[in-house]
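Every chain is numbered from 1, with letters handed out A, B, ... down the list of sequences.
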Number of protein chains: 2
Amino acid sequence: MASASPAPPRVSRRRRAAPPPKTRFDRRLAKILTHATDVFYEKGYEGASMRDLSRASGMSLAGMYYYFESKEKLLYLIQKHTFTTIVERLRERLKDVTDPEQRIRVFILNHLEYFLANQKAMKVLSHEDDVLKNSFGTEIAAIKREYYRICMDLLDNLKRAKGLEFSSRIAVLSLFGMMNWIYTWYHPRVDADAGEMAEQMANIFLQGVCASGKAPKKRSAN
Amino acid sequence: MASASPAPPRVSRRRRAAPPPKTRFDRRLAKILTHATDVFYEKGYEGASMRDLSRASGMSLAGMYYYFESKEKLLYLIQKHTFTTIVERLRERLKDVTDPEQRIRVFILNHLEYFLANQKAMKVLSHEDDVLKNSFGTEIAAIKREYYRICMDLLDNLKRAKGLEFSSRIAVLSLFGMMNWIYTWYHPRVDADAGEMAEQMANIFLQGVCASGKAPKKRSAN
DNA sequence: ATGTTTGTCGAACGTTCGTTCTAATGATAG
DNA sequence: CTATCATTAGAACGAACGTTCGACAAACAT
């Protein structure tokens, strides 16, 4: 039974502001997170031992616990940082675009660019989706829901603009499937870069939903 | 270094024919496989202990080893049976259909029907994709490649029939992504049944690839 | 110098892991 | 009734697990 709050007098993190102030502590922690991501990527969360992780960081097993309090928290930090970053960048990019179709293309491009540039972290985020429980799990789930919501709104805008009608839920989740499945097959030597990949997937998806959901005229299934 | 063949004098399986002859041994093993699938589904392969698995089967820990020689073999048996069955059923269904587009629809329907009817087994197959090593791993990988090949051929036929041009690799893997991602979000209470799901995904995918890959000549399709 | 904080480590904690040994059951056949 | 063999379980194996402890060096302020 791990206690949630009663007795953590050991570690004193002197910085808790939102923007990371680049202290020595933070820099070292970031290094550990990077190396841990590599190990989780290759062996999975359950399959990776704390000894594996410490070896990858060039630090002693006990030394790791100065930077975080449990293996679970380590996974949480990786997932939170990865997910937060991709949402941030998306918001930034969406500012410049107003056309509904283009906004979806921006969404796909942003997702795939980040996915392929940070393939290991994104696999850890996608593959170890439901291992975090309690507060850690709910926090990651909240970011996920937010990200999902953004995509859903983008798609609803397209539907309104073009007068289409189809299930947004299935469309969005199909799109996520297309994009996230990439971690199981993408090889940089064989496959095109993120830009081209995004265009091809966007073409399939956009033409797909546009053609399959013609609303007011004619009698077609929906 | 697990020995592949030298010294297994302990277990004597008196039946080794391809069609399962329903001996008591086979029936009991099948039960164990079913229960093990449930546990793997919920805790993952690494996260599930042999003690969890034995508890789920209502059998003692040691008793399990009478039916299979290792935890790895257990996962192998589950994956092999699941994958073999879905390929079998697909081959059966494809016999009746000749139209290239309809054949792809059959592929999607078969995949989703089996996926949703055997959601747990299919998650274990999809999620624990790269945990099996050595001969077990290569054998499962071979079935996977065969399945992939079938879909690829189906798509190439469509391309030839309709004079389309696009990357079959990306299209096929996008389709697999769409379909396999289902295990992360599908809820029978909320979402439609396999038939409707297959139709919607097939619409998106087929309209997508048909519209996005217009051949050298022609301007106005449909 | 001195004392405090910050960072690191070897060694060990108790627990659980996958697997095996051994012996005892239950059933079946001579 | 007894010999045989499939089937089960109790107890234990050594190894690995996540985590903690106490000691100890740098780093830094006073």
Is any side-chain heavy atom of Ile86(A) closer than 4.5 Å to a side-chain heavy atom of Met122(A)?
yes
Under 4.0 Å between any heavy atoms, over every strand shown, what does Arg51(A) touch: base, sugar-phosphate, or nothing? Just pick one.
base
Measure from the side-chain heavy atoms of Tyr65(A) and tell me the nearest of dT20(D), dT6(C), dT20(C).
dT20(D)
DNA chain D contacts made by residues 31-39 of chain A, counting heavy atoms under 4.0 Å
none
Would you kindly give the CG-to-P distance between Leu29(B) and dT8(D), to the nearest whole Å?
12 Å
Using whole Å, report how far CE of Met50(B) lies from C1' of dC17(D).
18 Å
State whether Lys123(B) and Asp130(A) are salt-bridged, where the test is any N-O pair (Lys NZ or Arg NE/NH1/NH2 against Asp/Glu carboxylate O) under 4.0 Å.
yes
Using atom CG of Leu53(A) as one end and atom P of dG18(D) as the other, report the distance to the nearest whole Å.
8 Å
So Phe176(A) and Tyr147(A), would you call those rings parallel, tilted or perpendicular, with 30° and 60° as cut-offs?
tilted
With sequence neighbours left out, what residues match Ser70(A) under side-chain contact (heavy atoms from CB on, under 4.5 Å)?
Glu72(A), Lys73(A)
For the pair made of NZ in Lys71(A) and P in dT20(D), what is the distance, rounded to whole Å?
15 Å
In terms of heavy-atom contacts, Glu128(B) and Gln79(B) come closest through O-NE2, 2.9 Å
Mind calculating the distance between CZ (Phe68(A)) and C1' (dT19(D)) to the nearest angstrom?
11 Å
So, Arg51(A) side chain and Leu61(A) main chain: donor-acceptor pair closer than 3.5 Å or not?
no
Does a side-chain N or O from Tyr66(B) land closer than 4.0 Å to OP1 or OP2 of dT8(D), or not?
no
Pair Ile150(A)-Leu94(A), side-chain contact (heavy atoms from CB on, under 4.5 Å): steps then yes or no
CA-CA 11 Å; Ile150(A) 295 176; Leu94(A) 280 177; 4.3 Å; yes
For Arg28(A) and dA26(D), give me the distance from atom CZ to atom P, rounded to whole Å.
16 Å
Taking only side-chain nitrogens and oxygens of Tyr67(B), does any of them come within less than 4.0 Å of OP1 or OP2 of dT8(D)?
yes
Mark yes or no: Lys120(B) above the aromatic ring of Phe40(B), with NZ or CZ under 6.0 Å from the six-membered ring centre and no more than 45 degrees from the axis.
no
Quick check on contacts: within residues 56-64 of chain A, what sits under 4.0 Å from DNA chain C by heavy-atom distance?
Met59(A), Ser60(A), Ala62(A), Gly63(A)
Return the nearest nucleotide to the side chain of Arg24(A); candidates are dG7(C), dT8(D), dG18(C).
dG7(C)
For the side chain of Phe25(B), counting heavy atoms from C-beta on, which of dT8(C), dT19(C), dT7(D) is nearest?
dT7(D)
To the nearest Å, give me how far apart CZ (Arg55(B)) and C1' (dC17(C)) are.
13 Å
side-chain contact (heavy atoms from CB on, under 4.5 Å) between Val87(A) and Arg91(A), intermediate numbers included
CA-CA 6 Å; Val87(A) 173; Arg91(A) 290 221 138 93; 3.7 Å; yes
